[in-house]
Q: 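One structure coming up, written as structure tokens, with questions to follow.
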Amino acid sequence: MDSRMARYLITSAIPYINGIKHLGTLIGSQLPADLYARYMRARGHEVMFICATDEHGTPAELAAAKAGKPVAEFCAEMHGVQAQIAKGFRLSFDHFGRSSSPQNHAMTQYFAGKLADNGLIQEVTEEQVYSKADGRFLPDRYIEGTCPNCGYDRARGDQCENCTKQLNPTELIDPRSAISGSTDLEVRQTKHLYLRQSALKDDLDAWIDAKTDWPVLTTSIAKKWLHDGDGLRDRGITRDLDWGVPVKNGDKEWPGMEGKVFYVWFDAPIEYIAGTREWADAAGRPDADWQRWWRTDMGADDVTYVQFMGKDNVPFHTLSFPATIMGSNEPWKLVDYIKSFNFLNYDGGQFSTSQGRGVFLDQALEILPADYWRWWLLSHAPETSDSEFTWEQFQTDVNKDLADVLGNFVSRVTKFCRSKFGEAVPEGGENGPDEIALIERLKSGLATYEAHMQAMEIRKAAGELRALWVAGNEYLQVTQPWAVFKTDPDRAAAVIRLSLNLIRFYAVLSAPFIPDASASMLSALKTEDDNWPDDLDAALTTLPAGHTFEVPEVLFAKITDDQRAEWQERFAGTRD
RNA sequence: GGGCCUGUAGCUCAGUUGGUUAGAGCAGAGCGCUCAUAACGCUUUGGUCGUAGGUUCGAGUCCUACCGGGCCUACCA
């Protein structure tokens, strides 16, 4: 076993269950996480890549009601749909779990118990709005009414969208349920558990301060919450809902909390741990197999834990979840690096699930292979600011990068070889100055690529990868095997032999971005050797003279103007 | 209202601790090549770096104000 082998625990923010997600959520966490996981595996490291569906909370109940199904059934179905989509995009989760799993129930109750043991849970009696018609308590924003400030008649209970004034639901004039429209509301007393995050503020602050290499986006949001106003506030971690993890103290009942569940943002991050346990259970593995990823006293001390998420999820991952871990006073693994992303906009506006604006993941896979989306989204990942999807840009970028630069390189090399030498790596000739120059170029480019991938500089990594594809075309232009062949076939053979090996080199390097195309390339070359080119010279002679191959189908068909126009029209407004 | 992020060529974006003539890809123009998905290569036209001040020998880079975009603001997740 390689002594440089390291262990990487990678989690993607878990997507909410209430519907099919759009391209923005894919690039915000799952896709970059997958890129990183694939890269680390390719480098020979041991990887545990966990994702799941986030299934609890009011929106899930409402979505189920709208679909006319029991919420458990609805979630099970939607989990299946999301799992299928994840598979379609080639997301290489080691396990795609569910926050509603028995494992997560147990783990969530376990952590709550530990926090209570350590004096970090406080019971608070508070007043909340209850809707008799809906038979449920209403979260602030599910109460609508007239704004006392500006008179807007569809103000929400937390804030008026018209005048932006922050509100309490009780301040609304003529309040009504946003769910049923019922005005039969009353204020009731109810008891809830609060996580005393404030008690851990200094620990969290010191911990965040030490993370000088984290993205500014990540640390600035955390610090804002830590220092704003009176500092980090305690947070309610229970809700009056039917669907969720029942409130328990470990495996014991929690007196006075009957019929209540934990708040979705308390149990959702714990699912990262529980999901790993689901993985072990599903494979019939012992507990030690998941614990070695999560317990620093059981082997996780050499694990590097990286989380991926959109910026909207940062507070929960920098504060609440770490507070849960720290507050347990047990040696659970804390995150080492948080890679956060801005949002992807759609043609000048936002993607909108409610308005059906933008491209949803099931539709995306209907119209184009996963690699097209993976490449474009990753090479435009919103790392420094919100970024923009337009169909024109998507079409020109994908056609140029994938079809012209990479796909066409594969075509011209394999077809030229077939017509002049047959479908086998040709023999004869040897490397000269052009080859030495190319290999030098590849060597430095490879080092740059590896550095960017290691640092999760995704756009820069994509740029360098593309530059390496270009280097292949430049090499052919310089060596001109089609002209040289007429006078010196051996020389042409040497060029093509290296070029065919270059295709394998590209397939290996590109696999984290475009796994399907990479597989096609390897399969056309009739090789299963996908080893990382740690030794570049050896890597470029992997396919010896005489090794047979076949000319592959066109790797990437171009997006035509007609297609682009049609999709632009189809995805402009409401979801069909 | 407050906090943070952001505004660099037509488009999408890089620009390290402030240092000589501001970069890349795409799009546009020209040339070359003809093996290839009318693909590839080379050259090239585009920018008073949001605006106005300030600090400095020197500012895209630091400070202030203003204008525009975005996110968050703790009971949506």
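Proteins come first, then strands; the chains are lettered A, B, ... in the order of their sequence lines, and each starts at number 1.
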Q: Could you list, one pair per line, each protein nitrogen or oxygen that sits under 3.5 Å from a nitrogen or oxygen of nucleotides 4-7 of chain B, together with the distance?
A:
{"from": "B:rC4", "atom 1": "O2'", "to": "A:Ser220", "atom 2": "OG", "distance (Å)": "3.1"}

Q: Are A:Phe321 and A:Phe266 an aromatic pair, judged by ring center distance below 6.0 Å?
A: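 They do not qualify: ring centres at least 6.0 Å apart.
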
Q: Classify the ring geometry of A:Trp469 against A:Trp375: parallel below 30°, tilted from 30° to 60°, perpendicular beyond 60°.
A: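 Rings of A:Trp469 and A:Trp375: tilted, 30 to 60°.
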
Q: Give a yes or no on whether the ring-centroid distance for A:Phe421 and A:Phe485 is below 6.0 angstrom.
A: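 Yes - the distance between ring centres of A:Phe421 and A:Phe485 falls below the 6.0 Å cut-off.
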
Q: Nearest to the side chain of A:Val554, which nucleotide is it out of B:rU37, B:rG15, B:rA77?
A: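 Nearest to the side chain of A:Val554 among the choices is B:rU37.
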
Q: For A:Gln128, which contact category applies under a 4.0 Å heavy-atom criterion: base, sugar-phosphate, or nothing?
A: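 It contacts base atoms.
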
Q: Any side-chain N or O of A:Arg156 below 4.0 angstrom from OP1/OP2 of B:rC75?
A: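 For B:rC75, OP1/OP2 do not have a side-chain N/O of A:Arg156 under 4.0 Å.
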
Q: Just to verify, what does A:Glu123 make a salt bridge (charged side-chain N to carboxylate O under 4.0 Å, His left out) with, not counting sequence neighbours?
A: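 So A:Glu123 forms a salt bridge (charged side-chain N to carboxylate O under 4.0 Å, His left out) with A:Lys191.
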
Q: Would you kindly compare A:Phe316 and A:Gln480 by the position of their nearest RNA chain B nucleotide and give the one closer to the 5′ end?
A: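 This one resolves to A:Gln480.
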
Q: Angle between ring planes, A:Trp373 versus A:Phe394, binned at 30° and 60°: parallel, tilted or perpendicular?
A: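 A:Trp373 vs A:Phe394 ring planes: parallel.
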
Q: Provide the distance between the two C1' atoms, one in B:rU55 and one in B:rG18, to the nearest whole Å.
A: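 Between the two C1' atoms, the distance is 12 Å.
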
Q: A:Lys460 side chain: which of B:rA77, B:rA74, B:rG15 is closest?
A: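 Nearest listed nucleotide: B:rG15.
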
Q: Once you apply a heavy-atom cut-off of 4.0 Å, does A:Ser411 come out as touching a base, just sugar-phosphate, or nothing?
A: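 Answer is base: heavy atoms of A:Ser411 come under 4.0 Å of a base.
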
Q: Of the nucleotides B:rU37, B:rC26, B:rC35, which has the atom closest to the A:Arg466 side chain?
A: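 Closest nucleotide to the A:Arg466 side chain: B:rC26.
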
Q: For B:rG46, measure the glycosidic angle (O4'-C1'-N9-C4 for a purine, O4'-C1'-N1-C2 for a pyrimidine) and name it syn if it falls within 90° of 0, otherwise anti.
A: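 Syn conformation for B:rG46.
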
Q: Which atom pairs link the protein and nucleotides 38-40 of chain B when you take only N or O atoms and keep those under 3.5 Å?
A:
{"from": "B:rA39", "atom 1": "OP1", "to": "A:Lys558", "atom 2": "NZ", "distance (Å)": "3.3"}
{"from": "B:rA39", "atom 1": "O5'", "to": "A:Lys558", "atom 2": "NZ", "distance (Å)": "3.0"}
{"from": "B:rA39", "atom 1": "O2'", "to": "A:Asn408", "atom 2": "OD1", "distance (Å)": "3.4"}
{"from": "B:rA39", "atom 1": "O2'", "to": "A:Asn408", "atom 2": "ND2", "distance (Å)": "2.4"}
{"from": "B:rC40", "atom 1": "OP1", "to": "A:Lys400", "atom 2": "NZ", "distance (Å)": "2.9"}
{"from": "B:rC40", "atom 1": "OP2", "to": "A:Lys400", "atom 2": "NZ", "distance (Å)": "3.4"}
{"from": "B:rC40", "atom 1": "O2'", "to": "A:Arg412", "atom 2": "NH1", "distance (Å)": "3.0"}
{"from": "B:rC40", "atom 1": "O2", "to": "A:Gln477", "atom 2": "OE1", "distance (Å)": "3.4"}

Q: Could you give the CH2-to-C1' distance, from A:Trp225 to B:rG2, as a whole number of Å?
A: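 In whole Å, B:rG2 C1' lies 15 Å from A:Trp225 CH2.
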
Q: Taking the minimum atom-to-atom distance to the side chain of A:Asp54, which one of B:rC75, B:rA14, B:rA77 wins?
A: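 Selected nucleotide: B:rA77.
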
Q: Within the pair A:Tyr475 and B:rG41, is there a side-chain N or O less than 4.0 Å away from OP1 or OP2?
A: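 No, no such contact exists.
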
Q: Give the nucleotide from the list B:rC33, B:rA77, B:rC13 with an atom nearest to the side chain of A:Tyr263.
A: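 Output: B:rA77.
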
Q: Any base atoms under 4.0 Å from A:Ser387, or only sugar-phosphate, or nothing? Heavy atoms, all strands.
A: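 Answer is sugar-phosphate: A:Ser387 comes under 4.0 Å of backbone atoms only.
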
Q: Okay, side chain of A:Thr11, backbone of A:Tyr272: is any donor-acceptor separation there less than 3.5 Å?
A: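 Not at all, since once roles are kept as given, no pair shorter than 3.5 Å links the two residues.
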
Q: Pairing donors with acceptors under 3.5 angstrom, does anything connect the side chains of A:Gln128 and A:Asp140?
A: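 Their side chains do not contain a donor-acceptor pair, so the 3.5 Å distance test is not met.
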
Q: Would one find more than 12 heavy atoms of other residues, nucleotides or ligands at under 6.0 Å from atom CD of A:Glu186?
A: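 More than 12 heavy atoms, drawn from other residues, nucleotides or ligands, come within 6.0 Å of this atom.
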
Q: Taking for each residue the nucleotide of RNA chain B with the nearest heavy atom, is it A:Leu138 or A:Ser419 whose nucleotide lies nearer the 5' end?
A: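 Counting from the 5' end, the first nearest nucleotide belongs to A:Ser419.
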
Q: Have a look at A:Gly231 and say if it touches a base, only the backbone sugar-phosphate, or nothing, with a 4.0 Å heavy-atom cut-off.
A: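 The answer is base, as A:Gly231 lies within the cut-off (heavy atoms under 4.0 Å) of a base atom.
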
Q: Taking the P atom of each, how far is B:rG3 from B:rU64, in whole Å?
A: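 The answer is 12 Å between these two P atoms.
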
Q: Could you note down all residue pairs passing salt bridge (charged side-chain N to carboxylate O under 4.0 Å, His left out) where residues 474-502 of chain A supplies at least one of them, sequence neighbours left out?
A: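 Sorted result for residues 474-502 of chain A: A:Asp434-A:Arg491, A:Glu435-A:Arg491.
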
Q: Give the rounded distance in Å between these two atoms: CH2 of A:Trp265 and P of B:rA77.
A: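 Taking atom P of B:rA77 as the reference, CH2 of A:Trp265 is at 10 Å.
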
Q: From CZ of A:Arg239 over to C1' of B:rC75, roughly how many Å is that when rounded to an integer?
A: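 One finds 5 Å between C1' of B:rC75 and CZ of A:Arg239, rounded.
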
Q: Touch check for A:Pro59, heavy atoms < 4.0 angstrom, all strands: base, sugar-phosphate only, or nothing?
A: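 It contacts sugar-phosphate atoms only.
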
Q: Can you name the one residue among A:Leu232, A:Thr324, A:Leu120, A:Leu226 that meets side-chain contact (heavy atoms from CB on, under 4.5 Å) with A:Gln197?
A: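 Among the candidates, only A:Leu232 passes.
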
Q: So what stems show up for RNA chain B if we need 3 or more Watson-Crick or G-U pairs in a row, all under 3.5 Å?
A: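 Expected stems, ordered by start: B:1-7 with B:67-73, B:10-13 with B:23-26, B:28-32 with B:40-44, B:50-54 with B:62-66.
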
Q: To the nearest angstrom, how far is A:His227 atom NE2 from B:rG3 atom P?
A: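 Computing the A:His227:NE2 to B:rG3:P distance gives 15 Å.
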
Q: Can any side-chain N or O of A:Asn399 pair as donor or acceptor with the backbone N or O of A:Ile559 at less than 3.5 Å?
A: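 Confirmed, A:Asn399 side chain pairs with A:Ile559 backbone.
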
Q: For nucleotides B:rU12 and B:rU17, find the distance between their P atoms and express it as a whole number of Å.
A: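 The same atom, P, in both gives a distance of 26 Å.
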
Q: On a whole-Å scale, what distance lies between the P atoms belonging to B:rG1 and B:rC66?
A: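 Taking atom P in both B:rG1 and B:rC66, they lie 11 Å apart.
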
Q: B:rC72 P sits how many Å from A:Leu319 CG, rounded?
A: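 From A:Leu319 CG to B:rC72 P: 16 Å.
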
Q: Please state how far atom CG in A:Leu241 lies from atom P in B:rC75, giving the value in whole angstrom units.
A: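 Rounded to the whole Å, the gap is 14 Å.
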
Q: Identify whether any heavy atom of A:Phe137 sits under 4.0 Å from a base atom; if not, whether one sits that close to sugar-phosphate; answer base, sugar-phosphate or nothing.
A: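 Answer is nothing: A:Phe137 stays at 4.0 Å or more from every strand.
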
Q: So among A:Asp397, A:Asp404, A:Asp401, which one has a salt bridge (charged side-chain N to carboxylate O under 4.0 Å, His left out) with A:Lys558?
A: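 Answer after filtering A:Asp397, A:Asp404, A:Asp401: A:Asp404.
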
Q: For the C1' atoms, the ones on B:rG25 and on B:rG41, what distance do you get once it is rounded to whole angstrom?
A: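 Taking atom C1' in both B:rG25 and B:rG41, they lie 16 Å apart.
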
Q: NA contact type, A:Gly236, heavy-atom cut-off 4.0 Å: base, sugar-phosphate, or nothing?
A: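 Contact class for A:Gly236: none.
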
Q: Sequence neighbours left out, what passes side chain to side chain donor-acceptor pair (under 3.5 Å) with A:Lys460? Give chain and number order.
A: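 Per chain and number, A:Lys460 pairs via side chain to side chain donor-acceptor pair (under 3.5 Å) with no residue.
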
Q: Determine the Euclidean distance between corresponding P atoms of B:rG60 and B:rU16; express it in Å to zero decimal places.
A: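 Nearest-Å result for B:rU16 against B:rG60 at atom P: 13 Å.
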
Q: Among the candidates B:rG70, B:rU73, B:rU12, find the nucleotide nearest to the side-chain atoms of A:Lys311.
A: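 Nearest listed nucleotide: B:rG70.
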
Q: Could you state the CG-C1' distance from A:Asp140 to B:rA74, rounded to the nearest angstrom?
A: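 About 11 Å, once rounded to whole Å.
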
Q: What's A:Ile496 touching, base or sugar-phosphate or nothing? Going by heavy atoms closer than 4.0 Å.
A: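 The answer is nothing, as A:Ile496 stays clear of every strand by at least 4.0 Å.
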
Q: Rounding to an integer number of angstrom, what distance separates B:rU8 and B:rC62 when you compare their P atoms?
A: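 The answer is 16 Å between these two P atoms.
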
Q: Look at the side-chain N and O atoms of A:Lys223 and state whether any lies under 4.0 Å from the OP1 or OP2 oxygen of B:rU73.
A: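 Checking A:Lys223 against B:rU73: no side-chain N or O falls below 4.0 Å of OP1 or OP2.
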
Q: Do the two ring centres, one from A:Trp391 and one from A:Trp376, sit under 6.0 Å apart?
A: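 Not close enough - the centres of the two rings lie 6.0 Å or further apart.
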
Q: Measuring only the P atom in each nucleotide, how far is B:rA39 from B:rA29? A whole number of Å is fine.
A: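 Going atom to atom, P in each nucleotide, I get 14 Å.
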
Q: Kindly confirm whether the side-chain ring of A:Phe416 is stacked on the base of B:rC35, judged by centres under 5.5 Å and planes under 30°.
A: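 No; by the centre-distance and plane-angle rule, A:Phe416 does not count as stacking on B:rC35.
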
Q: Under 6.0 Å between the ring centres of A:Tyr263 and A:His192?
A: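 No, the ring of A:Tyr263 stays outside the 6.0 Å limit from the ring of A:His192, centre to centre.
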
